[in-house]
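Sequence lines set the chain letters: A, B, ... in the order given, protein chains first and strands last, and positions in each chain run from 1.
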Amino acid sequence: MRGFLIDSDYVKGGEFPHARLFVKRGKEVITCIDPNFRPYFYVIADRPSRVAKAISKLEVEKGGKTVRARSVEVVKRALLGKEIQAIKVTFDHPNDVAPLRHEIGDFHEVQGIYEFDIPLERRYLIDHGLVPMSGIEIRGEPQDGKIIVREAPAHVEVPEPELNVMSFDIEVYNPTGNPRPEKDPIIMISLADNRGLRKVLTWKDFGLNLDYVEVVKDEREMLCRFIQLVEKRDVDVLLGYNTDLFDFPYIRERAGKLGVKLKLGRDGSEISVKKRRFATVTRIPGRVHIDLYAAVNFLATIGAIKLINYTLENVYKHVTGKKKPDVEFSDFCEAWEGGGEKAKRLLEYSMSDADATLELGLEFLPLLFELSRTVKQSLFDISRMTSGQLVEWLLIYEAHKRGELVPPRPVGGEYLERRKDTYVGAYVMEPVRGLHENLVVFDFRSLYPSIIVTHNIDPSTLNCSCCKPEEATEVPGLPHRFCAKKRGFIPAILERLITDRAKLKGEMKKLDEGSREYRSIYNRQWALKIIANSFYGMLGYPRARWYSKKCAESVTSFGRRYIKDTIEMARREGFEVVYSDTDSLYCKLNGKTREDALRFLDRVNEAMPGVIELELEDFYKRGIFVSKKRYAVIDDRNKILVKGLEFVRRDWATIAKKTQEAVLEAILRDGSPEKAARIVRSVTKSIIEGKVDLEDLVIYTQLKKSIGDYLSIGPHVAVAKRLREMGRVVEPGMLVAYVVVKGSGSVSDRAVPVEELRGKDYDAGYYIGHQVLPAVMRIMEVLGYGEDDLRYGRAKQTKLGKFI
DNA sequence: CCGATT
DNA sequence: AACGGCTAATCGG
């Protein structure tokens with residue numbers, strides 16, 4: 001049978017552990033059971049054949065049963081590029097692994113045990129070279145509506161079938177502001193799918209006659225109907241927003257109370273809510289549950305989106321440009337109890353949550369599919385991974401293909417040791433402060449990946465023994481050399497990602513940007529880019545399996561060398577370099593032409609080794625440089641690009657950011673510092689007169705740890721304390737919103753939670769002196785303005801005259 | 001005022 | 001559960 005592999009897992013329970021594959025063929029999803037896959041690990045020991053013999057004789061008592069290895073063999077493998085003999089120990093049952101591992105670990109000849117911590121569902125995909133969200137060929141026999149796999153399945157190409165995608169969301173009766181699953185019922189479940197279903201399930205009839213509302217008897221019936229609809233619509237991918245942390249755990253607790261079995265699985269099995277160390281995740285056998293909040297978080301960490309907070313409303317607005325209806329949480333109970341217009345709004349809101357989740361999901365799924373295919377791990381796992389984990393799982397797959405053993409993760413003290421061992425990063429030039437005209441910006445294309453590939457940077461090629469000192473590549477300023485003869489593991493894989501991406505970008509150019517094919521190739525190259533860009537970070541990450549501080553610091557050292565050399569070359573050619581950070585440089589044309597800039601680019605690239613390449617980023621007609629990491633430029637189409645200024649930060653009040661933005665526009669677009677000064681004076685005036693919207697005064701700061709762990713009580717910590725006293729749930733990671741009000745004491749003493757503002761006056765002096773003026777002064781100062789020129793009512797005509 | 005914390 | 005560099009506000013002795 002050939003089909004499309006949408007999900008897989010490994011069932012450990014019972015006597016017959018087996019891998020399970022869910023394969024879509026036409027409109028049907030077929031469950032395939034593979035009982036032939038066994039857990040194993042590798043042992044590295046001094047005298048391999050002797051130790052192998054001892055392991056094969058080893059017996060351990062566990063739970064009244066005698067546990068022993070199923071088979072033991074000595075095999076050839078490589079450890080960081082070096083050939084070694086390893087002992088492969090295979091087991092009958094996953095439960096046998098741990099007791100035997102501990103026993104074997106105690107052998108004094110044993111140096112290490114490898115790959116014991118690779119989850120079996122992942123191991124299965126890796127060992128068979130399978131590609132999730134792609135084709136699979138299976139040979140086996142049908143049995144009870146399933147297929148029992150007889151031969152190892154293989155990856156094949158098949159066309160992508162239409163998948164059934166559904167989104168859902170719950171609303172909870174919520175009188176205290178903190179939903180309590182033991183008391184507060186779920187009052188609505190909304191659903192939407194990619195074949196036109198739109199529905200809100202609820203158990204109170206408001207007599208509103210809305211076509212998308214289905215009224216059932218009670219909460220219990222509602223949960224049953226939800227399960228029934230998932231089954232009936234034959235859902236392949238179930239989308240939610242924050243469903244790992246909120247909806248599913250809540251549903252599970254309510255279902256437990258009401259005696260409902262959450263049989264959402266394809267085979268009628270129940271969902272499993274797994275508590276991980278830092279998160280909770282919900283798996284639905286045979287269907288892929290995707291929590292889009294995790295996906296959005298991922299896009300935020302790689303810098304693809306940047307928002308103040310990542311609520312569904314905000315993300316939806318940012319991605320689609322559309323606003324979705326909003327309801328105050330305090331209105332929930334009133335709506336539920338009172339009915340009428342408020343109930344109608346709540347139903348609309350509930351529906352819009354599912355609609356927005358579906359739309360977002362359909363937007364992000366193609367990228368997640370490509371990441372899954374590239375890394376070769378399941379969509380479910382991929383959608384919850386960080387970029388470092390994506391790289392690591394791709395490396396584990398590639399290591400297996402080459403017979404390389406996977407390095408272990410650091411344990412205990414080793415992690416702490418690694419973390420202490422810091423190293424020097426990128427070069428950042430002190431900018432030439434002020435306003436500059438006619439800029440050209442160059443940057444190195446994927447500088448760090450290019451360095452790794454060009455200089456063969458890998459733990460196995462570091463200070464190799466095969467090259468003479470003059471043959472190997474010397475790292476500038478560091479006592480490290482990299483092999484010039486044997487290709488390293490990491491550079492080889494990274495090089496393939498980069499060349500594959502270059503090919504895809506070539507194909508994209510031939511296609512119409514609106515076409516389906518273009519979107520597909522775009523997402524494929526984007527997945528490759530995301531992963532390629534994460535290799536360097538992984539090398540420097542103390543928890544990574546392929547961590548190597550020496551490799552990481554070599555990358556940054558080469559980076560500093562190339563950017564500094566380029567700055568020197570630009571200066572010698574007569575360009576004035578006004579700023580540079582890591583891989584980019586901002587030059588003043590200084591009377592030279594754009595053609596001169598292109599010729600300079602060619603000369604730099606002639607001097608660059610390997611795949612390292614400087615590119616022309618753009619020309620800018622004007623730019624203002626404030627300090628390191630803080631600047632703004634305007635291009636030929638009058639588009640302003642702002643970096644690092646308060647404008648893009650959430651820990652500043654909107655009023656400060658808006659004013660700064662207006663000031664930047666006045667300076668860059670209109671070339672008028674006078675206009676900028678007028679804007680600031682008018683804003684300070686309206687602050688003093690109390691005319692500013694409260695929402696423009698809110699400052700957001702994330703609580704990074706538990707209140708008790710803070711040594712210094714900043715405004716957001718003081719507010720968090722107050723929220724806790726009010727009975728609100730306060731936990732690390734929450735975004736604290738506050739306003740500074742009039743009164744005495746420190747800023748923290750006067751910081752008030754947004755929901756407690758009624759009847760209090762904001763502190764105009766604080767917002768002028770500590771928000772608007774500092775944000776704006778950073779810009780105005782470099783133009784020669786002083787604070788007194790900008791405060792309302794205190795403008796000095798003399799100094800202003802200079803600019804008029 | 002200034003180093004530490006965020 | 002990706003890196004380091006960097007600015008700046010506020011606390012608190």
Practice task
Rounded off to whole Å, could you give me the OH-to-C1' distance for the A:Tyr547 and C:dA1 pair?
Solution key: 15 Å
Completion exercise
Counting primed atoms, P, OP1 and OP2 as sugar-phosphate and everything else as base, the B/S/- map of nucleotides 6-13 of chain C against protein heavy atoms under 4.0 Å is SSSSSSS-
Problem - Cation-pi, A:Phe380 ring and A:Arg384 (6.0 angstrom, 45 degrees) - result: yes
Exercise for the section: Go through the structure and list residues passing side chain to side chain donor-acceptor pair (under 3.5 Å) with A:Glu665, not counting sequence neighbours. Expected result: none
Completion exercise
Whole-Å distance, A:Ile452 CD1 to C:dA2 C1', equals 12 Å
Completion exercise
Residue set satisfying side-chain contact (heavy atoms from CB on, under 4.5 Å) with A:Val273, at least two apart, ordered chain then number -> A:Arg252, A:Ile271, A:Thr280, A:Thr282
Completion exercise
By side chain to side chain donor-acceptor pair (under 3.5 Å), A:Asp9 pairs with (sequence neighbours left out) A:Arg20
Exercise for the section: Can you tell me which residue pairs pass the salt bridge (Lys or Arg N to Asp or Glu O under 4.0 Å) test with a partner in residues 441-457 of chain A, sequence neighbours excluded? Expected result: A:Arg445-A:Glu613, A:Arg445-A:Glu615
Problem - Segment of DNA chain B, first to last nucleotide, that comes within the 4.0 Å heavy-atom reach of chain A - result: B:dT5 to B:dT6
Completion exercise
Taken in chain and number order and not counting sequence neighbours, the residues that satisfy side chain to side chain donor-acceptor pair (under 3.5 Å) with A:Lys742 are none
Fill in the blank from the handout: From OH of A:Tyr423 across to P of C:dA2 the rounded distance in Å is 13 Å
Exercise for the section: Can you sort out which residues in residues 716-725 of chain A have a heavy atom within less than 4.0 Å of DNA chain C? Ascending by number, please. Expected result: none
Name every donor-acceptor pair, under 3.5 Å, that has one atom in a side chain of residues 767-783 of chain A and the other anywhere in the protein, sequence neighbours excluded.
| unit_1 | atom_1 | unit_2 | atom_2 | d |
| --- | --- | --- | --- | --- |
| A:Tyr767 | OH | A:Leu697 | O | 2.7 |
| A:Tyr767 | OH | A:Val740 | N | 3.0 |
| A:Gln771 | OE1 | A:Ala653 | N | 2.9 |
| A:Gln771 | NE2 | A:Tyr766 | OH | 3.3 |
| A:Arg778 | NE | A:Glu646 | OE2 | 3.0 |
| A:Arg778 | NH2 | A:Glu646 | OE2 | 2.5 |

Problem - Contacts of A:Val578 that satisfy side-chain contact (heavy atoms from CB on, under 4.5 Å) - sequence neighbours left out - result: A:Val432, A:His436, A:Leu439, A:Glu576, A:Tyr586, A:Lys588, A:Phe625
Practice task
For A:Asp651, enumerate each residue passing the side chain to side chain donor-acceptor pair (under 3.5 Å) test, keeping only those at least two apart in sequence or located in another chain.
Solution key: A:Arg649
Practice task
Scan A:Lys549 against the nucleic acid and name what it touches under 4.0 Å (heavy atoms): base, sugar-phosphate only, or nothing.
Solution key: nothing
Fill in the blank from the handout: Whole-Å distance, A:Arg418 CZ to C:dA2 P, equals 15 Å
Handout entry: Gap between atoms CG and P, on A:Asp421 and C:dG4 respectively (whole Å)
Key = 10 Å
Exercise answer: donor-acceptor pairs, residues 411-418 of chain A side-chain atoms, under 3.5 Å, sequence neighbours excluded:
| unit_1 | atom_1 | unit_2 | atom_2 | d |
| --- | --- | --- | --- | --- |
| A:Glu417 | OE2 | A:Lys420 | NZ | 3.3 |
| A:Arg418 | NH1 | A:Pro542 | O | 2.9 |
| A:Arg418 | NH1 | A:Ala544 | O | 3.0 |

Exercise for the section: Please work out if A:Phe535 contacts a base, only the sugar-phosphate, or nothing of the nucleic acid, heavy-atom cut-off 4.0 Å. Expected result: nothing
Problem - Rounded distance in Å - CG (A:Leu395) to P (C:dA2) - result: 15 Å
Practice task
May I ask you to say what A:Ser387 touches in the nucleic acid, namely base, sugar-phosphate or nothing, with a heavy-atom cut-off under 4.0 Å?
Solution key: base
Practice task
Would you indicate whether A:Lys376, at its atom NZ, is surrounded by more than 12 heavy atoms from other residues, nucleotides or ligands within a distance under 6.0 Å?
Solution key: yes
Exercise for the section: Indicate, with a heavy-atom threshold strictly under 4.0 Å, whether A:Gly537 touches base, sugar-phosphate, or nothing. Expected result: base
